[in-house]
Number of protein chains: 2
Amino acid sequence: MAQAAPLYRLPCGACLDCDVRSMAVCAALEDDEVDALERIMISRSLEANQVLAEEGDPKTYVYTLTSGMLRLCSSLPDGRRQISGFLMPGDYLGLADDDVHTRTSEAVADAKLCAFPVRDMDGLVKVYPRLSERLHGMTRAALRHAQDNQMILGRLTPVERLASFLLVLSRRAREHKQPDNPVLLPMPRADIADYLGLTVETVSRSFTKLRNDGLIRLPDAHTAEIVDRDALSDLAGIEPH
Amino acid sequence: MAQAAPLYRLPCGACLDCDVRSMAVCAALEDDEVDALERIMISRSLEANQVLAEEGDPKTYVYTLTSGMLRLCSSLPDGRRQISGFLMPGDYLGLADDDVHTRTSEAVADAKLCAFPVRDMDGLVKVYPRLSERLHGMTRAALRHAQDNQMILGRLTPVERLASFLLVLSRRAREHKQPDNPVLLPMPRADIADYLGLTVETVSRSFTKLRNDGLIRLPDAHTAEIVDRDALSDLAGIEPH
DNA sequence: ACTAGTCATTGATTGCAATCAATGCGGCAC
DNA sequence: GTGCCGCATTGATTGCAATCAATGACTAGT
């Protein structure tokens, strides 16, 4: 994996008309306050498959993803891998971690992020309680999400897992003000497999099953058009939060 | 399931020599501050299998468990159940929830808890920032725990899941200042199964496997003595946080 | 003491997803 | 254009955990 790209600064005032401002931590601050965030912010970009932080690395930065997609994953000594989540623009990296990163973070596709030195961020959090509240709220949401995944991994069949995955992606796209249909799948099948606790082959067969049953269409491998959302929801069994 | 037991108040000053004070939220407050917590606190007790809160109930109270054990679970329409976690004395109930409980909470064994009205708690949190920080820290820990479970559920074999389960219980007992060996298993096999995404039969067979391989002893169904902790750790593959 | 009921274990069988293997489908270098 | 490589799909087979079924240990009720 390539090393991190060199850091550079964005011109001042950029946060004010940022695409993800309303979804990200920054939403906790008023127009005249984001300036404080922007002052400690450093822009970064990643190429596809570039590693941002390794499991066990000290947490010196926290990040807001502004474009592209990241995966959070960890691996067993024998190579088995589990992806604990995908980050979409507006999402925050570092919610679960105290002083070290507990998961490896890699770019699924070319990505841009805002990096905040944790020391500076800790300082800001004390000045702006709303920032702290927002981070806490985002952590709670991430916890609910992770608990939902426990049900998905522990009790759902492969097709059910895929159905719930597609619905969650669709819903999150909507929350992130993107079209919720068709669902974009920037990640390869292997990532979906490692997220859903399956093999690539089973993921592929599950896609085919959903397509043959008329619940989705697959114009190409990275696009899933939801045809019958209700049937898909029935399959998934649980309402995504 | 029986209804909640009647509420009653503990005499003043009880928090000061509480068994779980050092593990619970309360640890964030000094001796002269816990008083504020105690003033809004209501003691409750639950019998085994009694329901504390149902999935979807409004979150009017948050709780600290002081004795016994709770399970947090959710169920699919067809009855499949997933337990997202077990609460031990000192643990906090309500970390993941905003205004409604997202999981059902039930007593595994007779339990005692401190109940705090959320409105009052929200007020205290504003007065004592350390309380808020502690809650946020506990939420982050819960998130790491839930993400570890994703790996367990998605990628580990049944014996590996059980090994990691026993190690986590052992470690948490130690953290809660209880002996870390033998491991006490107050919950029935069905709960372990629904936590690990297995069937009771497979859980039972996995116990037998670990016993026959000499990694544990089973004096009785609710006690597992760890004989070879290293081998167990190797099996589990991941270090519990 | 006897019965009924719950829970854990063990055995026999089945079924589904993992594994193994082959093919297809672009994209890219040259 | 050709060949190569990564990725997705499909097919054949295997193996493991779920399912089905029976038994045993223990508790509570009468």
Side-chain angles (χ1 to χ4, degrees), chain A residues 1 47-49 71 76 78-82 106 108-110 152-163 165-166 184-213 216-224 235, chain B residues 1 47-49 71 76 78-83 106 108-110 152-163 165-166 183-213 216-224 235:
Chain A
M1 296 288 165
E47 293 169 24
N49 294 316
R71 57 175 167 256
L76 294 174
D78 64 4
R80 280 176 288 178
R81 187 179 69 143
Q82 177 68 38
E106 302 168 338
V108 170
D110 292 358
I152 289 167
L153 291 165
R155 289 298 176 215
L156 296 197
T157 66
V159 237
E160 290 170 343
R161 295 184 203 194
L162 185 58
F165 177 66
L166 293 176
L184 301 182
L185 306 162
M187 71 294 285
R189 294 291 188 262
D191 282 2
I192 302 181
D194 286 339
Y195 180 67
L196 297 178
L198 302 169
T199 60
V200 247
E201 294 93 330
T202 302
V203 168
S204 182
R205 282 184 240 272
S206 302
F207 268 114
T208 306
K209 178 84 166 57
L210 290 180
R211 175 169 53 74
N212 290 346
D213 290 354
I216 63 171
R217 287 197 331 112
L218 284 171
D220 66 281
H222 295 284
T223 313
L235 257 187
Chain B
M1 296 291 164
E47 292 168 25
N49 294 316
R71 58 176 167 255
L76 295 175
D78 64 4
R80 280 177 288 177
R81 186 179 71 145
Q82 177 68 38
I83 293 182
E106 302 168 338
V108 170
D110 291 358
I152 290 168
L153 291 164
R155 287 300 174 215
L156 297 195
T157 66
V159 236
E160 290 170 342
R161 294 184 203 194
L162 185 57
F165 177 65
L166 293 176
V183 178
L184 301 182
L185 306 162
M187 71 294 286
R189 294 291 189 264
D191 282 2
I192 302 181
D194 286 339
Y195 180 68
L196 297 178
L198 303 169
T199 60
V200 248
E201 294 94 330
T202 302
V203 168
S204 183
R205 282 184 240 272
S206 303
F207 269 114
T208 305
K209 178 85 165 58
L210 290 180
R211 175 170 52 75
N212 290 347
D213 292 354
I216 62 171
R217 286 198 331 111
L218 284 172
D220 67 280
H222 295 285
T223 313
L235 257 187

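So that the names make sense, note that chain A is the first sequence line, chain B the second, and so on, each numbered from 1.
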**OP:** For DNA chain D, determine which residues of residues 193-202 of chain A have any heavy atom closer than 4.0 angstrom to one of its atoms, and list them numerically.
**Re:** A/E201
Heavy atoms only: give me the nearest [X]-[Y] pair and the separation to one decimal.
X      : Y      : value
A/A163 : A/L235 : CB-CB, 4.0 Å
B/L166 : B/A224 : CD2-CB, 4.1 Å
A/L153 : A/Q82  : CD1-NE2, 4.0 Å

Shortest side-chain distance from [X], nucleotide among [options]:
X      : options               : value
B/T157 : C/dT10, C/dT9, D/dA17 : D/dA17
B/P158 : D/dA17, C/dA8, D/dA8  : D/dA17
B/T208 : C/dA8, C/dT10, D/dT10 : C/dT10

Length of the line joining [X]:[atom1] and [N]:[atom2], which is rounded to integer Å:
X      : N      : atom1 : atom2 : value
A/L153 : C/dA17 : CG    : C1'   : 15 Å
A/D220 : D/dC7  : CG    : C1'   : 13 Å
A/N49  : D/dC7  : CG    : P     : 8 Å
B/R80  : D/dT19 : CZ    : P     : 10 Å
B/K209 : C/dG11 : NZ    : P     : 15 Å
A/R155 : D/dA17 : CZ    : C1'   : 12 Å
A/H222 : D/dG6  : NE2   : P     : 15 Å
A/L218 : D/dC7  : CG    : C1'   : 15 Å

Original post:
How far apart are the C-alpha atoms of B/D194 and B/R80, what are their side-chain angles, what is the distance that settles it, and do they pass the side chain to side chain contact (heavy atoms under 4.5 Å, CB included) test?
Top reply: CA-CA 8 Å; B/D194 286 339; B/R80 280 177 288 177; over 6 Å; no
Original post:
Within the structure, does a side-chain N or O atom of B/R205 lie under 4.0 Å from either OP1 or OP2 of C/dA12?
Top reply: no
Original post:
Between the main-chain N or O of A/V203 and the side-chain N or O of A/R161, is there a donor-acceptor pair closer than 3.5 Å?
Top reply: no
**OP:** Report the residue (B/V203 or A/A190) whose heavy-atom-nearest nucleotide on DNA chain D is the more 5′ of the two.
**Re:** A/A190
Subject >> Inter-end axis angle, the helix from C/dA1-D/dT30 to C/dC30-D/dG1, with every axis fitted to five base pairs (rounded, 10 degrees) >> reply: 30°
I'd like to check [X] versus [Y] (side-chain heavy atoms, cut-off strictly below 4.5 Å). Are they in contact?
X      : Y      : result
B/T223 : B/L185 : no
B/N49  : B/E106 : no
B/L76  : A/L156 : yes

Original post:
What's the verdict on side chain to side chain donor-acceptor pair (under 3.5 Å) for B/E201 and B/S204, showing C-alpha distance, side-chain angles and the deciding distance?
Top reply: CA-CA 5 Å; B/E201 294 94 330; B/S204 183; over 6 Å; no
**OP:** Mind checking B/R211 for me? I need base, sugar-phosphate or nothing, with any heavy atom below 4.0 Å counting as a touch.
**Re:** sugar-phosphate
Original post:
With no angle test and no hydrogens, is the base of C/dT10 tied to the side chain of B/R189 by a donor-acceptor pair under 3.5 Å?
Top reply: no
Subject >> Row check, B/Y195 ring normal vs B/R81 NZ/CZ: under 6.0 Å, within 45° >> reply: no
